[in-house]
Peer 1: 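Provided herewith is a single structure, encoded as structure tokens, for subsequent inquiry.
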Amino acid sequence: MKVLVLAGAWCGDCVNQCPIFDHFAAANEKIRIHFFDRDDQPELATALSTCGAARVPSVLFLSEDNHVCGRYGDRTLSKYRQMAQDQLGAACPTGLFPPEQSLLDNVTQEWLNEFERIQLMLRTSGRLREMHGD
């Protein structure tokens, strides 16, 4: 699985999240992480724009033969929940989710879920299973 990460060294979210991706790659030799600086790659930044902007980190998951399997980023649901609570207050709590654990734990788990989802998509792909004879 190839993982293209559009990031920026100046970006706090990238500083917090990109090391998580390196840990996943270290734990699984099937994951190949490639980092690109958003400001050095304007065409890639445009192609991976989110909500009308070149937001980072933006992650593009590819199969071994370069087919797009998924996109994720710029922040996880837990991070957006925290931002909404910080910026909007608790005036309208939804009651849909329990109080936050450690934000880092939640963000790591959400990224891990997405990496696992893509790994399982690739592993169960009829096209790739045929290609590898299994």
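Index from 1, following the sequence.
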Peer 1: Please report the interatomic distance CD1(Ile33) to NE2(His23), rounded to the nearest 0.5 Å.
Peer 2: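 Output value for this atom pair is 11.5 Å.
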Peer 1: Less than 4.0 angstrom from a charged side-chain N to a carboxylate O is my criterion; do Asp65 and Lys2 meet it?
Peer 2: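 Salt bridge flag = no for Lys2 with Asp65.
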Peer 1: To the nearest 0.5 Å, what is the distance between CZ (Arg75) and CE (Met83)?
Peer 2: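 Spacing of CZ (Arg75) from CE (Met83) equals 4.0 Å.
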Peer 1: Does Ala54 offer a backbone N or O that forms a donor-acceptor pair with the side chain of Arg38 under 3.5 Å?
Peer 2: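 Looks like yes, one N/O pair under 3.5 Å.
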Peer 1: Enumerate the ring pair (Phe, Tyr, Trp, His ring centres under 6.0 Å) contacts for residues 25-70, please, sequence neighbours excluded, ordered by first and then second residue.
Peer 2: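 Qualifying pairs, neighbours excluded: Phe61-Phe115.
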Peer 1: For Tyr72, give me all partners under ring-ring contact (aromatic ring centres under 6.0 Å, His included), at least two apart in sequence or on another chain.
Peer 2: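 With neighbours one apart ignored, the set is Trp111.
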Peer 1: State yes or no: do Leu104 and Val15 share one hydrophobic cluster built from I, L, V, M, F, W and Y residues joined by side-chain heavy-atom distances below 4.5 Å, directly or via other members?
Peer 2: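 No, because Leu104 and Val15 fall into different hydrophobic clusters, even though each may have its own neighbours under 4.5 Å.
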Peer 1: Going by heavy atoms in the side chains, are Phe21 and Val5 under 4.5 Å from each other?
Peer 2: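 Touching, per the 4.5 Å side-chain cut-off.
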Peer 1: Is a donor from one side chain sitting under 3.5 angstrom from an acceptor on the other, for Asn113 and Gln109?
Peer 2: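 A pair is found: one side chain offers a donor N or O, the other an acceptor, under 3.5 Å apart.
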Peer 1: Is there side-chain contact between Leu6 and Pro57, with at least one heavy-atom pair below 4.5 Å?
Peer 2: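 They are not in side-chain contact.
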Peer 1: Backbone N or O of Leu128 within a donor-acceptor pair of the Ser125 side chain at under 3.5 Å?
Peer 2: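 Flag set: sc Ser125 to bb Leu128 pair under 3.5 Å.
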Peer 1: Show the numbers, then the answer: is there a side-chain contact (heavy atoms from CB on, under 4.5 Å) between Asp86 and Gln82?
Peer 2: CA-CA 6 Å; Asp86 293 347; Gln82 180 197 38; 3.6 Å; yes
Peer 1: To check you understand the geometry: which heavy-atom pair defines the closest contact between Cys18 and Ala7, and what is its length?
Peer 2: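 Here Cys18 and Ala7 meet closest at SG-CB, 3.9 Å.
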Peer 1: Does any non-hydrogen side-chain atom of Leu77 lie less than 4.5 Å from one of Arg81?
Peer 2: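 Yes; the side chains approach each other to less than 4.5 Å.
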Peer 1: For Thr46 and Gln41, run side-chain contact (heavy atoms from CB on, under 4.5 Å): C-alpha distance rounded to whole Å, both residues' side-chain angles, the deciding distance at 0.1 Å, then the answer.
Peer 2: CA-CA 9 Å; Thr46 299; Gln41 301 291 328; over 6 Å; no
Peer 1: Please answer: with hydrophobic residues joined when any side-chain heavy atoms are less than 4.5 Å apart, are Ile31 and Leu120 in the same cluster?
Peer 2: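 Per the 4.5 Å side-chain linkage, Ile31 and Leu120 are not co-clustered.
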Peer 1: For the side chain of Arg55 and the backbone of Asp74, is there at least one donor-acceptor N/O pair under 3.5 Å apart?
Peer 2: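 Side chain of Arg55 to backbone of Asp74: no pair is present.
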Peer 1: Roughly how far, to the nearest 0.5 Å, is CG of Leu44 from CG of Leu60?
Peer 2: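 It is 8.0 Å, given to the nearest 0.5 Å.
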Peer 1: If I take atom OG from residue Ser78 and atom CD from residue Glu110, how far apart are they, to the nearest 0.5 angstrom?
Peer 2: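 One gets 3.5 Å once the value is rounded to the nearest 0.5 Å.
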Peer 1: Less than 4.5 Å apart, side chain to side chain, heavy atoms only: is that true for Glu64 and Lys30?
Peer 2: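 No, their side chains stay 4.5 Å or more apart.
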Peer 1: Do Gln119 and Met1 have side chains that approach each other closer than 4.5 Å (heavy atoms only, starting at C-beta)?
Peer 2: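 Heavy-atom side-chain distance check passes, below 4.5 Å.
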Peer 1: Could you measure the distance from the CZ atom of Arg127 to the CG atom of Leu122? Nearest 0.5 Å is fine.
Peer 2: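 Between atom CZ of Arg127 and atom CG of Leu122 there are 8.5 Å.
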Peer 1: Can you get from Ile118 to Ile20 by hopping between Ile, Leu, Val, Met, Phe, Trp and Tyr side chains that sit under 4.5 Å apart?
Peer 2: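 As far as the 4.5 Å side-chain criterion goes, Ile20 and Ile118 are connected within one cluster.
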Peer 1: Linking I/L/V/M/F/W/Y whenever their side-chain heavy atoms sit closer than 4.5 Å, directly or via other members, would Val68 and Leu48 fall into one cluster?
Peer 2: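 Yes, Val68 connects to Leu48 through the hydrophobic network.
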Peer 1: Would you say the side-chain atoms of Asn28 pair up with the backbone N or O of Phe24, donor to acceptor, closer than 3.5 Å?
Peer 2: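 Absent.
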Peer 1: Is the closest side-chain heavy-atom distance between Arg71 and Thr50 below 4.5 Å?
Peer 2: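 Result yes, sub-4.5 Å side-chain heavy-atom pair found.
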Peer 1: Can you list the steps and then say if Leu4 with Leu62 is a side-chain contact (heavy atoms from CB on, under 4.5 Å)?
Peer 2: CA-CA 8 Å; Leu4 307 182; Leu62 302 170; 3.8 Å; yes
Peer 1: Evaluate the criterion side-chain contact (heavy atoms from CB on, under 4.5 Å) for residue pair Val59 and Val3; output intermediate values, then yes/no.
Peer 2: CA-CA 7 Å; Val59 178; Val3 182; 3.4 Å; yes
